[in-house]
J.: 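First, the structure itself, so that you have it in front of you.
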Amino acid sequence: MASHFDSVDPKVDFVAKEEEILKWWDDNDIPARYRKLNDDKEKKYSFIDGPITANNAMGVHHAWGRTYKDLFLRFRNMQGYKQRFQNGFDGQGLWIEVEVEKEMGFKSKRDIEAFGVGKFVEECRKRVDRFAERISNQSQRLGYFMDWDNSYHTKSDENNYTIWHFLKTCADKGWIYKGRDVMPWCPRCGTGLSQHEIVTEGYQDITHDSPYLKFPLIDDGHEGENLLVWTTTPWTLAANVAAAVNPEYTYAKVEDRGSVIYFSKSLLESLKKDHVLTGEAKVLGEVKGSELVGLRYKAPFDELPAQDEVRDQHRVLSWDEVGEDEGTGIVHTAPGAGAEDFKLGNENGLTPIAPLDQNGIYKEGFGEFTGKSAADVKDMVFESLKEKDLLVRVNKYTHRYPVCWRCSTELVFRLVDEWFINMDEIRPKMQKATNEMNWYPEFGKARELDWLKNMQDWMISKKRYYGLALPIYACDCGNFDVIGSSEELKERAVEGWEEFEAAGASPHRPWIDGVKIACSDCGETVSRIEDVGNAWLDAGIVPFSTIGYKSDPEYWKEWFPADWISESFPGQFRNWFYSLIVMAAVLEDSMPAKNVFAYALMRDENGEEMHKSKGNAIWFEDAAEKMGVDVMRWTYSRHNPASNLNFGYKTGDEVRRQFIIPLWNIYSFFTTYANLDDWTPDDCVIPSSFGFTPDGEQNGFESWTMPEGEGFSELDRWILSELNQLTQKMTDNLESWQLPYAAGGVEQFVEDLSNWYVRRSRRRFWKTEGDKDKNAAYSTLYTCLTTLSRLLAPFTPFFADIMYRNLVAERIDDAPDSVHLTSWPKANASLVDEDVMNQTRLAIRLASLGRSARAQSRLKVRQPLGEFVAEVRHDWEHFALAKIENVLKEELNVKSVIDASEMGGLLGFEIKPNLRVLGPKYGKQIDEIRNAIQAADANEIARASEAGETISIGSFELEADEVLIERVALENYAVATDAGYAGAVLTVVSDELKAEGTAREVVRVIQNLRKSSGLKISDRINLWISCSDDVTGALMTHADYIAEETLADNVDIGAVLSDDAQGVAASESLDLDDGNKVTVNLEKA
RNA sequence: GGGCCUGUAGCUCAGCUGGUUAGAGCGCUACUCUGAUAAAGUAGAGGUCGGAUGUUCGAGUCAUCCCAGGCCCA
């Protein structure tokens, strides 16, 4: 025997409830039982988690992505798929190093070296472990059911060695090579930065001293002539090799300050304005850029030993990238100190000079600059140029310049050796895989393909400490070996293996660096290169390393490729998605995952980007405490993932008010009345709707047919139809990753349930006798709520379980303990009744129009009116109108409902062509018909159309259904229209109606008085009403109605208050619209 | 310069395969209902659907071009 429901307070602290449930889950081992639910199932759904960087606490943007992951995992679990539930942590790479450096107060790589690389790496690991635990806890607060004791770590040996295997595979194909490139470099951190690191937050507006200087030409016939050159990086001048002009431009030859100089003609005026030229500058002639190409010049620091190799290479190059928006139209080119310069130099066979070491200090061969920092030499440069009479002018120049994203040091460009994977042969495989994958949103595929089209070789090395130890052993002889596994290393080790093993054999710096091998070519002892790996290697290998690619190939085959992955898309096309695709292409010529579910970026409530430094970022813990996790999760779930999400406490409040609280109110309403009536699930006449097994086999609701004679009403039929349609649509939408549609469907359903089903059914629950009608209402509402709790389980796991536990688990013996142990509901198609849904939709629409019409005429709903006239659009709606007549009468408090088409005499007509029918038939003649209709007699057309006769309009013979007839307002009616529908109320109020209105008004006052006097809903009362004579009659007529509505045993109505009422405390007066006054007194009977 | 996305009410966004009078939430104003009340409902104002051209009987929706913004690449 089921017991009463726990009472549900409409005033609820959701956050406290969530914490209670969380504890209950923990105490009862729900997450683990949930994960094991499908252990014996055949069908699998493989999710590979994109690792979260275990480097800081979670922000709400992390919660966004993790909500998606949890949501789809839960959905598939309820559907009975076996899953792995493995979370992943990213815990290697520069990100971690940066935070540890901050923690330790380190300023540069030298500090790390001084501290000891081994100790530093240990600190990094500790930080990762610390935050992995923190994030695990926070994720559990989010309701994320993962196998938290079994998370994978990219810092694990397995992960690192699997990358070795990948690199070895590449090396065997000859794809690994050492290359030189000029890259952005932070002199403080002593490392290169990838393009990605600069893009994110790596630019600042910086003002530099920017010199204009002369490059003297030395060819015969050009003696005394100079190129005018401009640069924003004076320190690169010592590494100058060439100058570049645009061959298409016209260059001016100008005499100024006693020198002859060349520059782009179009810049003449702006150079004067900037005081680079004097007002006296004299144009001597002009030449095409192409004519300058090949001229030789003397570079400003030709005397330096470093220039020895390139002194005879100084000449003018042709480069169509040269612009004339700023500068001089002649570009100083230092291939060893600029990225574009390097490329241009390569194309022209120049020798790059690399002036700086890893700390940004000039190397040997740069004279007085040697030993100085690039940042400090600009004045020395200017002095030297002045002495040589090469300096024309120094101006301040403000521009966006790249800085290090962690220490804000201005970046330099350095020529360095790095290791690359040649992508030429991998690219087609990647393109094929990308095409085979399903991308959500769909444009993801186009973006990834675009990236692949343009991608260059993958630079995999990084000159840092804590990361993948690249297993590359480069010998001085020019040969290099790549090691593919721990076993291979052991076999080939010639020294250091024992020490390495003793230290734990973890393939990390510094321990790994002690192991040396013999060069496979010359036999010399070789050390590992010092570089560590690009962090995306760590994340990309995950679909192999975490599911036993090397250790358990059979298991791996079961779970690869993943059925789905999910991550935020803006960065991941070139990061995680990219590295996943590379590795799957190289190792298996396969796609890594079948479905990619990606989402955009989070903004604050005002649409601004969230930044910790800006102060508008929200920590997950704060949000969980203030708004609650269900609210957060619902906000995420209802959003279109392809567009950015504006998120904040206000949006949270909105979601709570619009969705969570209304649903809670329904739940509260249900339990309140069910308890009053001693209604329990035992009384439910709809079979178990909670899915006792994950595959739903015992879910009787899915094949139930609504019995006759059990009291089910049209309203029940309707909401159960909506419920089953919702179930079907939710299933379809979730299977096709259409989250906003799924969530939107629930919102619409809850609104229908609240504002139509429950409101229209209230009297069924209130009434005192417990008949079949009442039981059908309880059964229906109970089924709606219990089904909703399961549909919502993946979305709002807390709320869903709160409802489920109270309504089901704690009432029914063999029901699963938690909603998360139930199955996904199956729709009962036989209960989906399009007709009843359309009818109700029409009733809702017309009721709304009726209320609108009432509002216009300022007639309260309490005041009964004579007629409501409805104008509908479709044939079937005329029939439907008869069926919803009673509903409309009640909703609108009217005596009759009339189809407007039946009262042609009362309403005016407007005739319109039915374009949907006429369009295809008459084509271009439509306009003619339109005009003819305008000119014709509307009443006659309407009559003919109603009668189904052929209508003659001008030269056309139209069928009855080829015109549309609308009615317009007439006297004594207030009309409201919407989308072709209209509703009108007759605004004339008879005495009889007025009396009824008064009675209802009085009832309202009595009900308020009951409430304010603290009476229970079921208490009976005695009632005395005093009022003027002309109201007395009205009230007497409706005395029975008043008594019934207010549970009054005795009703005394009169002009004078009877003696019995003297001293009765509860009393209230009411002023009627017509000036009459009514006073009500009551006491408990 | 190339690729992708976006442009609909003051703000944030829906509008599926082209079809009669383009919707919601928020905000604002007014009102109503209140034994679900930390609610709910109704109305009002507010839109030449970024612009142009084309296809079509008919375009917010399809095509082409242009403009603006965002992201990616060069």
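Only a predicted model underlies this, so the values are computations on that prediction, with no experimental measurement involved.
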J.: In the strands shown, is B/U12 matched to any nucleotide by a Watson-Crick or G-U wobble pair with both distances under 3.5 Å, and which?
T.: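 Base-paired to B/A24.
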J.: If I take atom CD in residue A/E890 and atom P in nucleotide B/G41, what distance separates them, rounded to the nearest angstrom?
T.: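 One finds 20 Å between P of B/G41 and CD of A/E890, rounded.
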J.: Could you pick out which residue, A/H639 or A/D13, lies toward the 5' side of RNA chain B when each is mapped onto its nearest nucleotide?
T.: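 That would be A/H639.
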J.: Go through B/A39, B/C26, B/G41 for me and flag the one nearest to the A/N755 side chain.
T.: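 For A/N755, the side-chain atoms sit closest to B/G41.
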J.: Counting only side-chain heavy atoms from C-beta out, which of B/A36, B/A43, B/A74 sits nearest to A/Q456?
T.: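 The closest nucleotide is B/A74.
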J.: In whole Å, what is the span from the CG atom of A/N733 to the P atom of B/C16?
T.: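 Atom CG in A/N733 sits about 15 Å away from atom P in B/C16.
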J.: In whole angstrom, give me the gap between the C1' atoms of B/G46 and B/C11.
T.: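 Result for the C1' pair: 12 Å, nearest Å.
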J.: Watson-Crick or G-U wobble partner for B/C4, using a 3.5 Å limit on both distances?
T.: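 Because both required distances fall under 3.5 Å, B/C4 counts as paired with B/G70.
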J.: Classify the side chain of A/S754 and the base of B/A36 as holding, or not holding, a donor-acceptor pair under 3.5 Å.
T.: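 Donor-acceptor pair under 3.5 Å: yes.
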J.: Roughly how far, to the nearest 0.5 Å, is CZ of A/F799 from CG of A/L788?
T.: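 One finds 9.0 Å between CG of A/L788 and CZ of A/F799.
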J.: Heavy atoms under 4.0 Å, any strand shown: does A/T651 hit a base, just sugar-phosphate, or nothing?
T.: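 Touches nothing.
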J.: On RNA chain B, nearest-nucleotide positions of A/R447 versus A/R759: which is more 5'?
T.: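 With A/R447 and A/R759 compared, the 5'-side residue is A/R447.
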J.: Under 3.5 Å, side chain of A/S789 to main-chain N/O of A/M803, donor-acceptor pair present?
T.: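 No; zero donor-acceptor contacts below 3.5 Å.
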J.: Quick check for you: to the nearest 0.5 Å, what is the distance between A/L753 atom CG and A/S761 atom OG?
T.: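 Taking CG in A/L753 and OG in A/S761, the distance rounds to 8.5 Å.
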J.: Anything under 30° is parallel, anything over 60° is perpendicular, the rest tilted; go ahead and classify A/W451 against A/Y578.
T.: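 Geometry flag for A/Y578 against A/W451: perpendicular rings.
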J.: For a quick test of reading the model: is some side-chain N or O of A/Q658 closer than 4.0 Å to OP1 or OP2 of B/A40?
T.: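 No, A/Q658 has no side-chain N/O under 4.0 Å of OP1/OP2 on B/A40.
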J.: Using a cut-off of strictly less than 4.0 Å, decide whether A/Y741 has a side-chain nitrogen or oxygen near OP1 or OP2 of B/G15.
T.: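 Yes, A/Y741 has a side-chain N/O under 4.0 Å of OP1/OP2 on B/G15.
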J.: To the nearest angstrom, how far is A/K650 atom NZ from B/G27 atom C1'?
T.: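 Going from A/K650 (NZ) to B/G27 (C1'), I get 10 Å.
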J.: Nearest to the side chain of A/W451, which nucleotide is it out of B/C73, B/A43, B/A38?
T.: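 Of all the options, the side chain of A/W451 is nearest to B/C73.
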J.: In whole Å, what is the span from the OH atom of A/Y757 to the P atom of B/G41?
T.: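 Atom-to-atom, A/Y757 to B/G41, this comes out as 19 Å.
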J.: For B/A74 versus B/C65, give the span between their P atoms, rounded off to a whole number of Å.
T.: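 Roughly 25 Å separates the two P atoms.
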J.: I need the OH-C1' distance between A/Y667 and B/A36, as an integer number of Å.
T.: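 Rounded to whole Å, this separation is 14 Å.
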J.: Measuring to OP1 and OP2 of B/A36, would you say a side-chain N or O of A/R762 lies under 4.0 angstrom away?
T.: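 Answer yes for this pair, as a side-chain N or O of A/R762 is under 4.0 Å from OP1 or OP2.
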J.: Can you classify the ring geometry of A/F669 versus A/Y673 as parallel (below 30°), tilted (30 to 60°) or perpendicular (above 60°)?
T.: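 Rings of A/F669 and A/Y673: tilted, 30 to 60°.
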J.: Counting only side-chain heavy atoms from C-beta out, which of B/G3, B/G25, B/A36 sits nearest to A/E654?
T.: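 So the nucleotide nearest the side chain must be B/G25.
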J.: Between B/G15 and B/A52, how far apart are the two P atoms, rounded to whole Å?
T.: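 Rounded to whole Å, the distance is 24 Å.
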J.: What integer number of Å spans the P atoms of B/C71 and B/C57?
T.: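 Per the computed distance, 43 Å lies between those P atoms.
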J.: Rounded to whole Å, how long is the line connecting atom CG of A/L449 with atom C1' of B/C72?
T.: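 Rounded to the whole Å, the gap is 14 Å.
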J.: B/C4 and B/A40: how far apart are their P atoms, nearest whole angstrom?
T.: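 Each nucleotide's P atom is 44 Å from the other's.
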J.: Using whole Å, what does the distance between atom P of nucleotide B/U12 and atom OH of A/Y636 come to?
T.: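 My rounded result for the distance is 20 Å.
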J.: With the side chain of A/R574 defined as its heavy atoms from C-beta on, choose the nearest nucleotide among B/A36, B/C73, B/A74.
T.: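 Of B/A36, B/C73, B/A74, B/C73 is nearest to the side chain of A/R574.
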J.: Rounded to whole angstrom, note down the C1' distance from B/C28 over to B/U55.
T.: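 B/C28 and B/U55 have their C1' atoms separated by 43 Å.
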J.: Counting only Watson-Crick pairs (N1-N3 plus N6-O4 or O6-N4) and G-U wobbles (N1-O2, O6-N3), all under 3.5 Å, who is the partner of B/A40?
T.: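 With both distances under 3.5 Å, B/A40 matches B/U32.
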J.: Tell me: CG of A/N646 to C1' of B/A14, nearest whole Å?
T.: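 That distance rounds to 16 Å.
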J.: With both distances under 3.5 Å as the test, what is the Watson-Crick or G-U wobble partner of B/U48?
T.: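 None - no nucleotide pairs with B/U48, as no candidate has both distances under 3.5 Å.
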J.: Measure from the side-chain heavy atoms of A/R657 and tell me the nearest of B/A38, B/C26, B/C72.
T.: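 Of the candidates, B/C26 comes closest.
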J.: Tell me which nucleotide, if any, is Watson-Crick or G-U wobble paired with B/C62 when both distances must be under 3.5 Å.
T.: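 Partner of B/C62: B/G54.
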J.: Side chain of A/D450, heavy atoms from C-beta onward: which of B/U42, B/C72, B/A36 has the nearest atom to it?
T.: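 Nearest listed nucleotide: B/C72.
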J.: Considering only the P atoms, how many Å lie between B/U56 and B/G51, rounded to the nearest integer?
T.: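 Rounded to whole Å, the distance is 23 Å.
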J.: Which nucleotide, B/A14, B/A36, B/C73, lies nearest any side-chain atom of A/N640?
T.: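 Of the candidates, B/A14 comes closest.
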J.: Indicate the atoms forming the closest heavy-atom contact of A/A847 with A/E891, along with that distance.
T.: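 Of all heavy-atom pairs spanning A/A847 and A/E891, the closest is CB-CB, 4.2 Å.
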J.: Would you check if the distance from the ring center of A/Y599 to the ring center of A/Y636 is below 6.0 Å?
T.: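 So the answer is no for these two rings.
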J.: Just by distance, with hydrogens left out, do A/N435 and A/Q431 show a side-chain donor and acceptor under 3.5 Å apart?
T.: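 Distance-only check fails for A/N435 and A/Q431.
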J.: What distance, rounded to whole Å, do you find between the two C1' atoms, one in B/A45 and one in B/G10?
T.: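 Rounded to whole Å, the distance is 12 Å.
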